[in-house]
Amino acid sequence: METNPRQTIIAAASHFYQLGWMMGTAGNLSVRIPDGSFWITASGRNKGELTSTDFVRMKLDGTIIEQPHPDVRPSAETSIHQTIYSLFPEAEACYHVHSIEANLVSRFTDSDNLPLPPLEMLKGLGVWEENPQVTMPIFVNHLDLPRIAQDICDRFEITPPSVSALLIRDHGITVWASSPREASNFLEIAEYIFRYMVAARTVGF
Ligand SMILES: CSCCC(=O)C(=O)COP(=O)(O)O
Ligand SMILES: [Zn+2]
């Protein structure tokens, strides 16, 4: 039996909250369902104690299909989820969290690409090369969220990313994947790599 996407998101958010990646109201998670619409977390909710009424179901064009109450608004960062689902038809889940390490590593370069260390863990992001030279795209953290979404669209249409993840500087990471389980795995792998990068710098690597 197919798991209810809202229950999947509630469990994932609770896990990420306990890891310190969704403190307070930080972050937003969405899952696409077979009719092409997606469930996304409501804006401003504590991500450690979501319930099934803390969600909105939307079409790709931003039309709200289901909401528990007119006051329950979709995530302020919905435009980024819409962009990801539009650009990547295979994406079925899009997860965005705020970790301390993601913010630190986003400052390790002034460029708009963060070089990732050639760790074995990159295989978990789908990189199976010998001594891989992989970067993660970084975007400017505009106050105007649709502007970030437009930047992502403009850049990825020309240069698709080599991993299914992006950073918004001083803000957090967004990953997308073909299932919620895979999105969780990508997030855990990426955050491991960020922790490694911070630790490596601390010990002078
Ligand atoms: C303290 S979090 C600030 C807003 C943000 O970046 C975020 O991820 C949560 O926004 P939402 O509207 O999805 O609750
Ligand atoms: Zn955010």
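Ligands are counted one by one from 1 in listed order, and the atoms in each one are counted from 1 as well. As a basis for the values below, the full set of heavy atoms in this structure was taken, side chains included, without hydrogen atoms, waters or symmetry mates.
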List the atom of [X], the atom of [Y], and the distance in Å for their closest heavy-atom pair.
{"X": "W176", "Y": "V163", "result": "CZ2-O, 4.2 Å"}
{"X": "V140", "Y": "I148", "result": "O-CG1, 3.7 Å"}
{"X": "V134", "Y": "S162", "result": "CG1-OG, 3.7 Å"}

Can you tell me which residue and heavy atom of the protein come closest to [atom], and the distance to 0.1 Å?
{"atom": "atom 4 (C) of ligand 1", "answer": "E77 OE2, 4.1 Å"}
{"atom": "atom 1 (C) of ligand 1", "answer": "T25 OG1, 3.6 Å"}
{"atom": "atom 7 (C) of ligand 1", "answer": "G27 N, 3.5 Å"}
{"atom": "atom 10 (O) of ligand 1", "answer": "N28 ND2, 3.8 Å"}
{"atom": "atom 12 (O) of ligand 1", "answer": "S43 OG, 2.6 Å"}
{"atom": "atom 13 (O) of ligand 1", "answer": "S75 OG, 2.6 Å"}
{"atom": "atom 14 (O) of ligand 1", "answer": "G44 N, 2.8 Å"}
{"atom": "atom 3 (C) of ligand 1", "answer": "H98 CE1, 4.2 Å"}

Using a strict cut-off of 4.0 Å, indicate which atoms of ligand 1 neighbour a heavy atom of [X].
{"X": "K47", "answer": "14 (O)"}
{"X": "H96", "answer": "8 (O)"}
{"X": "A76", "answer": "11 (P), 12 (O), 13 (O)"}

What distance separates T202 OG1 from R195 CZ, expressed to the nearest 0.5 Å?
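With rounding to 0.5 Å, OG1 (T202) is 13.0 Å from CZ (R195).
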
How many angstroms lie between atom OG1 of T8 and atom CH2 of W39, to the nearest 0.5 angstrom?
12.5 Å

If you stand at the Zn ion (ligand 2) and look out to NE2 of H98 and OE1 of E77, what angle do those two lines make, to 10°?
160°

Mind reading off the angle at the Zn ion (ligand 2) between the NE2 atom of H171 and the NE2 atom of H96, rounded to 10°?
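The angle at the Zn ion (ligand 2) comes to 100°, rounded to the nearest 10°.
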
Would you say [X] contacts ligand 1, with heavy atoms under 4.0 Å as the rule?
{"X": "T41", "value": "no"}
{"X": "A26", "value": "yes"}
{"X": "R73", "value": "no"}
{"X": "M23", "value": "no"}

Would F38 and F55 count as a close aromatic pair, with their ring centres under 6.0 Å?
no

Please report whether the ring centroid of H96 lies less than 6.0 Å from that of H171.
yes

I would like to know whether D35 and S37 meet side chain to side chain donor-acceptor pair (under 3.5 Å); could you show each step before the answer?
CA-CA 6 Å; D35 70 1; S37 67; 2.6 Å; yes

Taking atom OH of Y192 as the centre, report whether more than 12 heavy atoms of other residues, nucleotides or ligands fall under 6.0 Å from it.
no

Please determine whether the number of non-hydrogen atoms from other residues, nucleotides or ligands lying under 6.0 Å from atom CG of D110 exceeds 12.
no

Basic-acidic side-chain contact under 4.0 Å: R155, D112
yes

